[in-house]
Number of protein chains: 2
Amino acid sequence: MIETPDDTPSPSLSEADALPPSEQHAQQYAAVRNAHETELLEDYVELIGDLIAHQGEARSADIALRMGVSQATVSKMVGRLKSLGLVASKPYRSLFLTEEGEAMARMSRQRHAIVLQFLRALGVSDDTARIDAEGMEHHVSQETLDAMQRFTRLQSGEG
Amino acid sequence: MIETPDDTPSPSLSEADALPPSEQHAQQYAAVRNAHETELLEDYVELIGDLIAHQGEARSADIALRMGVSQATVSKMVGRLKSLGLVASKPYRSLFLTEEGEAMARMSRQRHAIVLQFLRALGVSDDTARIDAEGMEHHVSQETLDAMQRFTRLQSGEG
DNA sequence: CAATACAGTTAGCCTTTGCTAAGTTATTTA
DNA sequence: TAAATAACTTAGCAAAGGCTAACTGTATTG
């Protein structure tokens, strides 16, 4: 019985009807899982870059404070970033970004700024825009970023 | 030395200048971490609801296939969903949503649809919109959802 | 109705990302 | 410069979310 019918069984959904083919569906979820893996790394790298730019150096204690986690967690994470070649530092001293880390920080910052400006242009309040941008930025493709930029430019040009 | 200066030190950034106060910054990251905890649960619940709606029942094998994950992983996750009171089932039989699960599925589906339609209205291609919507939906506040709906309505009204 | 195939579960492993507590190094200051 | 404080690291723990392999139950079908 049941046998996965081919006809559309329930007429109750207004939109998003018809599931995508399994393979495509799986790829969507895979993309999300994938984004999750780099997300935190990017947040750390972006923050380290910002701290260096704004305060002259990036210290673990500041990172812990701003990320809202313990220093031990930062220490462990920094170890990972170093092993990935994104961050360099001597023990007990403050942190630097490698070339690769700088590149990642630049991209992250840019993406973050685009999403933030877009949300503001869309009419979202500043506080909310900040929070949502932080979560959204890692899940926005280049194509969507382009569309966001187009919209933001239009909006500020016409406003 | 260094002493975290109060004046704006580097004139190199075009936007997103000035870090937010540490506390606010920490809350932004906390919000993201928080979203991550419920994100997967919501994806499972949403998918289970969709499978029931479209195919009459939700089976672990289908979920595994669509999520792109092993059946063992699904089994473990379903255990978690049951312990959270979102899903009900007898061993070796297919899955059902509890009242609470239904409510979560409804909300997720609605949010997903709003984000998806919004991205399309913004001019993003269908494939990209699907992928980005899947990742973005869990990081979009009610305020932003409202703004997205407003835009989508405007767009389809004027188009 | 027995054999086979398919679906679901369990056990045991790994990695990531958090924590606290305890130890080490660096810096400040009395 | 010795003592106190602040910053960083290490060790050890837990929960989440993956995996494979082995096992148990359900359904199909010869």
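Here the structure is a predicted model, which means the values were calculated and not measured. Proteins get letters first, then strands, A, B, ... in listed order; numbering begins at 1 in each.
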Out of [options], which has the shortest distance to the side chain of [X]?
X     : options                : value
B:M77 : C:dT17, C:dA21, D:dG17 : D:dG17
B:S70 : D:dG18, D:dT10, D:dC19 : D:dC19
A:K76 : C:dT17, D:dA11, D:dG18 : C:dT17
A:V69 : D:dC8, D:dC19, C:dC19  : C:dC19
B:Q71 : C:dA7, C:dG18, D:dG18  : C:dA7

Original post:
When rounded to the nearest 0.5 angstrom, what is the spacing between CD in B:E137 and CD in B:E42?
Top reply: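 Here the rounded value is 7.0 Å.
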Subject >> B:I63 CD1 to B:T73 OG1 distance, which is reported to the nearest 0.5 Å >> reply: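 These two atoms lie 12.0 Å from each other.
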Roughly, in whole Å, what's the span from [atom1] in [X] to [atom2] in [N]?
X     : N      : atom1 : atom2 : answer
B:N34 : C:dT17 : CG    : C1'   : 15 Å
B:Y44 : D:dG17 : OH    : C1'   : 8 Å
B:Y92 : C:dA5  : OH    : C1'   : 16 Å
A:L40 : D:dG17 : CG    : P     : 14 Å

Closer than 4.0 Å, any side-chain N/O of [X] to the OP1 or OP2 of [N]?
X     : N      : value
A:T73 : C:dC19 : yes
B:R93 : D:dA27 : yes
A:S75 : D:dT9  : yes

